[in-house]
Amino acid sequence: MKRLIVVFAALCVLAGCSQNSEMDRYINRLMDGMTLEQKIGQLNLHSASGFISAARVTEEDENVKLLKAGELGGLYGSGDVEYLRKIQEIALESGAGIPLITGMDVIHGCETVFPIPLALSTSWNMELIEKTARVAATEASAKGINWVFSPMVDICRDARWGRIAEGGGEDPFLGGEIAKAMVYGYQGRDAEYADDEVMTCVKHYALYGGAEAGRDYNSVFLSRQEALNGYLRPYQQAAYAGAGSYMSSFNEFEGIPATMNPYLMDELLRKDWGFDGFIVSDATAILEEVAHGIGDLQEVSARSLQAGLDMDMNSDGFVGTLKKSLAEGRVSEADIDRACRRILEAKYKLGLFEDPFRYLNPDRAATDVYTPENLAFAREVSHECQVLLKNDGVLPLKKGTRVAVVGPLAKDATSMAGMWATSSHNSECFTLFDGIAEVTPATYAEGSWLMKDKDLEEGIRFGMMRMFMPGFKAPAIHTVSQQQLIAEAVSNARRADVVIACVGEISTMNGEGASRTDISIPDAQQELLKALKATGKPVVMVLVTGRPLTLGWEEENMNAILNVWSQGSEGGRAVADVLFGDANPSAKLTTSFPRSVGQLPLYYNHKNTGRPHPDYEPYRKFTSCYMDELNGPLYPFGYGLSYTTYEYGPMELSATEMPLGGSVTASVTVSNTGSRDGDEVVQLYIHDIYASSTRPVQELKGFRKVHIAAGESVKVEFTLTAEELSFYNHELDWVCEPGEFEIMIGPNCRDIQTSILTVL
Ligand code: BGC
């Protein structure tokens with residue numbers, strides 16, 4: 001049997017080699033016939049300037065001009081098959097006749113919109129996450145897209161950063177599992193791309209989520225060791241899963257912008273992790289290196305290429321300056337050839353040389369997108385992505401209950417879609433009010449402005465449109481007074497059995513360029529909540545948000561809080577399913593929710609310090625704590641309630657000692673002690689008590705989501721080996737150091753039981 005496996009493995013390797021050598025021969029031949037300009041042209045990526053319709057493919061179109069001059073290797077931002085077909089035809093007729101790679105920000109679904117990535121991560125369900133990427137790939141490939149700018153795997157510990165919404169939260173282990181699931185979902189699990197599989201572009205490489213003070217694009221100050229232990233794992237796991245490309249990030253690391261950082265691109269990603277695809281810059285990131293203070297466009301373009309970057313998104317630095325740099329000896333022909341080859345290889349792997357129209361099938365565009373099956377799946381997904389933060393027993397509601405739905409987010413379809421949804425169906429997303437009105441008698445009142453600062457609200461709502469749509473005229477806001485809006489909501493509330501207040505952030509309050517220093521529910525909406533509370537009616541707060549918010553008052557005063565993030569196409573319906581008990585919430589937080597913005601950055605896997613202070617004890621001088629706030633979060637990492645209850649039996653270790661090369665099983669029996677079936681996320685953490693470098697007080701190293709019928713019990717097992725107990729030491733080696741480890745199991749990072757394991 002063993003021999004058979006060896007022979008099979010050898011055959012597989014040979015098959016891979018022969019495909020590679022076939023590809024090499026093909027690309028060698030192709031490149032032999034290419035001019036220098038054509039090679040440099042392959043390194044250029046442009047935006048399709050919005051969602052251009054086929055009618056606009058004219059001689060004046062900037063991208064057509066570039067194509068004809070052989071100066072374009074890829075286009076992104078269009079999902080219009082007709083347009084892309086015409087563009088592809090022009091590409092084949094011009095220059096070296098090389099097909100374009102066509103990209104798009106497909107982030108959480110394509111036409112069918114799934115919950116935003118942060119919400120998706122709270123499902124802790126890797127199969128489900130993989131399937132969302134699978135469905136997105138099917139839809140994207142039907143729309144002419146063969147390359148998706150996803151997954152976004154930036155770890156973030158600071159909720160002020162608006163792009164926390166786009167990633168999988170604060171934990172590198174969970175982030176790594178999500179990264180793999182997404183890559184498998186988009187690309188499939190083998191090396192071949194099927195017609196409905198697309199190439200991933202892992203972003204933003206690297207450490208973008210470590211932006212100082214949560215301010216977007218800000219500098220990152222991390223040691224290599226901390227970066228490797230706390231942030232880099234998801235990018236690494238995506239490489240191991242076979243991700244086809246990476247996008248370099250805007251930030252600097254160790255004083256060098258990531259887009260020209262040889263350590264990140266060549267040493268770590270390519271040499272250490274074995275990545276063999278291409279790296280594209282983020283939009284205008286090469287040009288931004290000028291503002292970073294590195295040099296002029298020619299200088300930064302040359303350095304980026306030499307550092308390992310292959311494709312330039314929107315800076316025109318490569319097409320504009322590389323020829324000159326070559327003539328002046330600042331880059332070599334080999335540098336240009338290397339980058340060009342990597343891009344051609346990606347096109348080859350996608351099958352574009354064999355059939356440049358492979359992804360441009362108008363029939364599929366008409367039948368495979370936004371299907372009833374995909375929408376039904378979106379609703380299922382949403383059930384697993386809503387975090388029940390508080391419930392005094394008011395939930396689930398009975399159908400037939402008279403409900404007053406209030407709040408500026410309750411009828412906001414695009415905020416249900418989320419900040420990165422590029423679907424043409426965004427405005428059809430099921431709103432919370434629509435969902436509730438389907439199952440029970442409901443009234444609606446807007447209840448309040450989004451916020452009191454009118455100018456700021458206008459900027460947040462219409463800033464993008466003003467920027468990109470010349471002549472855009474913003475509709476008037478605050479036309480009805482805040483008092484009048486509240487009065488109407490209060491009057492509806494008085495006539496109802498229960499109030500459902502839908503408040504939080506509209507989708508443009510999170511995502512790119514949306515950092516906040518005050519992460520509470522905006523003032524006008526808080527005023528509404530206070531007025532509703534004063535009616536004495538039970539108030540269920542449904543929170544729409546793309547980031548953790550500070551919810552101290554709400555936790556004390558609301559009867560229930562259901563955090564629904566932005567749920568996508570079927571959001572309102574799926575939220576109503578949870579509110580009325582057709583679905584039992586099971587989501588758990590993947591980011592700590594702070595008590596106060598002053599605690600940020602806040603993350604569960606922090607270090608102990610030499611003067612540790614317990615998370616939930618008041619101020620004590622000369623310990624590491626605040627005078628005016630607890631150290632611990634309001635809601636910890638891993639936390640989330642359900643309509644049933646679970647009891648954890650005692651943890652068992654199969655042995656209390658483990659030889660370095662051995663393994664130990666940690667198990668626990670979890671019982672559903674309530675009256676409803678449910679899904680529980682059982683979590684395993686470790687703590688390396690003494691190590692050659694300081695280690696976090698807790699680190700997630702395993703999780704299982706298990707279905708437990710009411711009254712039933714399930715035994716959950718985790719296998720621990722040296723791998724789970726390893727870390728990057730001061731010399732940056734991945735090591736497991738013998739000694740004692742705390743092994744912790746629980747329903748979240750706070751409510752845990754602990755055993756000691758000694759590694760010999
Ligand atoms: C964002 C990327 C995105 C790119 C292209 C940039 O501004 O940072 O996440 O993929 O634009 O749309």
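These numbers come from the heavy atoms of this one structure, side chains and all, not from hydrogens, waters or symmetry mates. Ligands are counted one by one from 1 in listed order, and the atoms in each one are counted from 1 as well.
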Which residues pass the ring-ring contact (aromatic ring centres under 6.0 Å, His included) test with Trp565, not counting sequence neighbours? none
Would you verify whether the NZ or CZ of Lys203 falls within 45 degrees of the ring axis of Tyr246 while also being under 6.0 Å from that six-membered ring's centre? no
Could you name each residue pair satisfying ring-ring contact (aromatic ring centres under 6.0 Å, His included) that touches residues 287-313, not counting sequence neighbours? none
Is the distance between the ring centroids of Tyr76 and Phe149 under 6.0 Å? yes
For Glu226, the side chain to side chain donor-acceptor pair (under 3.5 Å) test, sequence neighbours excluded, returns Arg157
When you check ligand 1 against the protein, what N or O pairs turn up below 3.5 Å? List the atom names and distances, or just say none.
{"from": "ligand 1", "atom 1": "7 (O)", "to": "Glu512", "atom 2": "OE1", "distance (Å)": "2.8"}
{"from": "ligand 1", "atom 1": "7 (O)", "to": "Glu512", "atom 2": "OE2", "distance (Å)": "3.2"}
{"from": "ligand 1", "atom 1": "8 (O)", "to": "Arg163", "atom 2": "NH1", "distance (Å)": "2.7"}
{"from": "ligand 1", "atom 1": "8 (O)", "to": "Arg163", "atom 2": "NH2", "distance (Å)": "3.4"}
{"from": "ligand 1", "atom 1": "8 (O)", "to": "Asp282", "atom 2": "OD1", "distance (Å)": "3.4"}
{"from": "ligand 1", "atom 1": "8 (O)", "to": "Asp282", "atom 2": "OD2", "distance (Å)": "2.6"}
{"from": "ligand 1", "atom 1": "8 (O)", "to": "Glu512", "atom 2": "OE1", "distance (Å)": "3.4"}
{"from": "ligand 1", "atom 1": "9 (O)", "to": "Arg163", "atom 2": "NH2", "distance (Å)": "2.9"}
{"from": "ligand 1", "atom 1": "9 (O)", "to": "Lys203", "atom 2": "NZ", "distance (Å)": "2.9"}
{"from": "ligand 1", "atom 1": "9 (O)", "to": "His204", "atom 2": "NE2", "distance (Å)": "2.6"}
{"from": "ligand 1", "atom 1": "10 (O)", "to": "Asp105", "atom 2": "OD1", "distance (Å)": "2.6"}
{"from": "ligand 1", "atom 1": "10 (O)", "to": "Lys203", "atom 2": "NZ", "distance (Å)": "3.0"}
{"from": "ligand 1", "atom 1": "12 (O)", "to": "Asp105", "atom 2": "OD2", "distance (Å)": "2.4"}

Is the positively charged end of Arg270 above the ring of Phe275, judged by distance under 6.0 angstrom from the centroid and angle within 45° of the axis? no
